[in-house]
**Q** 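Mind looking over this structure? Questions follow.
Values below: every heavy atom of this structure, side chains too, minus hydrogens, waters and symmetry copies. Order of the sequence lines sets the chain letters (A, B, ...), proteins ahead of strands, with each chain counted from 1.
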2 protein chains.
Amino acid sequence: MAAAGEPEVIRDKAAMRAWSRRRRAEGKTVVLVPTMGFLHEGHLSLVSAAAAVAASAGVPVAVVVSIYVNPSQFAPTEDLATYPSDLAGDLRKLASTGAVHAVFNPPDLYVRGAPGRTSGDGTSGGSAVSCLDAAAGGDGHETWIRVERLEKGLCGSSRPVFFRGVATVVAKLFNVVEPDVAVFGKKDYQQWRLICRMVRDLDFAIEIIGSEIVREADGLAMSSRNVHLSPEQREKALSISRSLVNARTVALSNSNSASEHIKNQIVQTLTEAGGQVDYVEIVEQDSLVPVQTIDRPVVICVAAWFGKVRLIDNIEIRTQP
Amino acid sequence: MAAAGEPEVIRDKAAMRAWSRRRRAEGKTVVLVPTMGFLHEGHLSLVSAAAAVAASAGVPVAVVVSIYVNPSQFAPTEDLATYPSDLAGDLRKLASTGAVHAVFNPPDLYVRGAPGRTSGDGTSGGSAVSCLDAAAGGDGHETWIRVERLEKGLCGSSRPVFFRGVATVVAKLFNVVEPDVAVFGKKDYQQWRLICRMVRDLDFAIEIIGSEIVREADGLAMSSRNVHLSPEQREKALSISRSLVNARTVALSNSNSASEHIKNQIVQTLTEAGGQVDYVEIVEQDSLVPVQTIDRPVVICVAAWFGKVRLIDNIEIRTQP
């Protein structure tokens, strides 16, 4: 594929859509890689996956990376204010791939209502409250997409507004960028499955690609939040990937392992390392329904705090029948 | 505009999208008129509004009328089973307009899950239950769009699943048909405003046109449900439009009329005619927030039962400043 060179930076929605439509009219496949910025090798692997769409299909692609920290997926108690950012660094990294044609970096994606202008009871109408709801006035954004089963459990339990915000902002990005293909990382496993379900249920004409987790040399799953870990916390956090690999080894060497036993081992490893476990769950890959025994394709999902940093990770297990 | 002749009937989603994309590639503006069928003059006025898009903009249009009775906007207690239909008649009427190029008439728009296959607690995850939720298995449709403020009040109070179902099916139709313009009737005033809000909030690249109410010669707002009225009920139902016209006369001849007074008069008229009032509300045109005095552009919205038929109607009032 020809090098894309310096990506064009687009900040306006209408300009973004016009850019995409021009590329589509030229016969190109538009591929979107949604991110919240502060890019690392994991994100760049999503770009590679986007570029690979071209190689495999033999069609010219136009790759768009969006950089937008979405306030509606953060609860007011969460780390929106301290979420790391480095636009200049991000643009440098994306340019270095030679595979990104445009960066969509909108100043805001939501309509903020006039303060004091309220409608009905003046609340957002739902029980969920995000950093966006808290800031928006009464005629501001009020449309939300919920994937009602997949948003529950796992990260949805401790982050009740998270997937509502993710589904909604992704739908907005889909409608602005109008991609043919979108790439999501499987590190956010529940998010990836939820987006696939939303695309199916709402008939978006978009193919979703799930891209494999990228890890540091020592096994830690790459995350923008890793930058907040102290060296000691980072060392302790290796217990996540280590316990997941061990769990897979156990599951693959025994048929019909009991989930409870494997989950307990992971919890014990994380706790001994000084982590505070949010959840450890073994669930079906498609439905994310918990399983009692590992007798079908599953994924083990983990969320744990190390200091003030919440990390997630997962491992897929496909036992031989 | 050249007569469109016999419209092409399309039943498959992918075929529908391909049809639209071909028309768009030919430089045509694709206009969607969503309906639930059993068409009357009111629907045909929406088609005229769609055709007028061409005349006013000087661009060639491709008009698509969708006919689909959406199960997810009906509660199990409502009239999905008896909702009238007449596809052959509908196609005849649409052909006679000479302005419809395609009819999208899918057998079903939703993924129905395998029965008995449940996820999590086995419920749909929300409190709302529609005819679709009741019929769908555990891996069936689970993605819902809610316009959280505008869905409340008016019809939303007595029909809690209605607007969730409407917003969701309209988003699906938008994603399948990919129109540039969509036409909605202002008889369903709350629905029209809610769709406008959804389009704004989710960044759909679609212009929404609100088309005026079409009435029978005697003033009754046209509705597919009118067919269920007995001659006596139909006569009594004229109290709706009569009371709305009277209310407007009162409001226009007095500055700052009290809403309460006008609402009471309407309720009295409807009740005396033998109707059972669901609601009478005077609300701001954009936000649908109730007003105390009529000192800005408002709409009076009414829903009332005559026998087993629930009818809605409304009238906009723009007082002179």
**Q** Do B:I282 and B:K263 make a side-chain contact, defined as non-hydrogen atoms from C-beta onward lying under 4.5 Å apart?
**A** yes

**Q** A:K13 side chain to B:D203 main-chain N or O, any donor-acceptor pair under 3.5 Å?
**A** no

**Q** Okay, side chain of A:D180, backbone of A:T29: is any donor-acceptor separation there less than 3.5 Å?
**A** no

**Q** Anything under 30° is parallel, anything over 60° is perpendicular, the rest tilted; go ahead and classify A:Y110 against A:Y68.
**A** tilted

**Q** Between B:E148 and B:R146, is there a side-chain N and carboxylate O pair less than 4.0 Å apart?
**A** no

**Q** Would you please test B:I10 and B:V103 for side-chain contact (heavy atoms from CB on, under 4.5 Å) and show each step?
**A** CA-CA 6 Å; B:I10 301 172; B:V103 172; over 6 Å; no

**Q** Go through the atoms of B:R17 and report whether side chain, backbone, both or neither lie under 4.5 Å from a heavy atom of chain A.
**A** side chain

**Q** Which residues, numbered in order, of residues 171-178 of chain B come under 4.5 angstrom of chain A by heavy-atom distance?
**A** B:A171, B:K172, B:N175, B:V176, B:E178

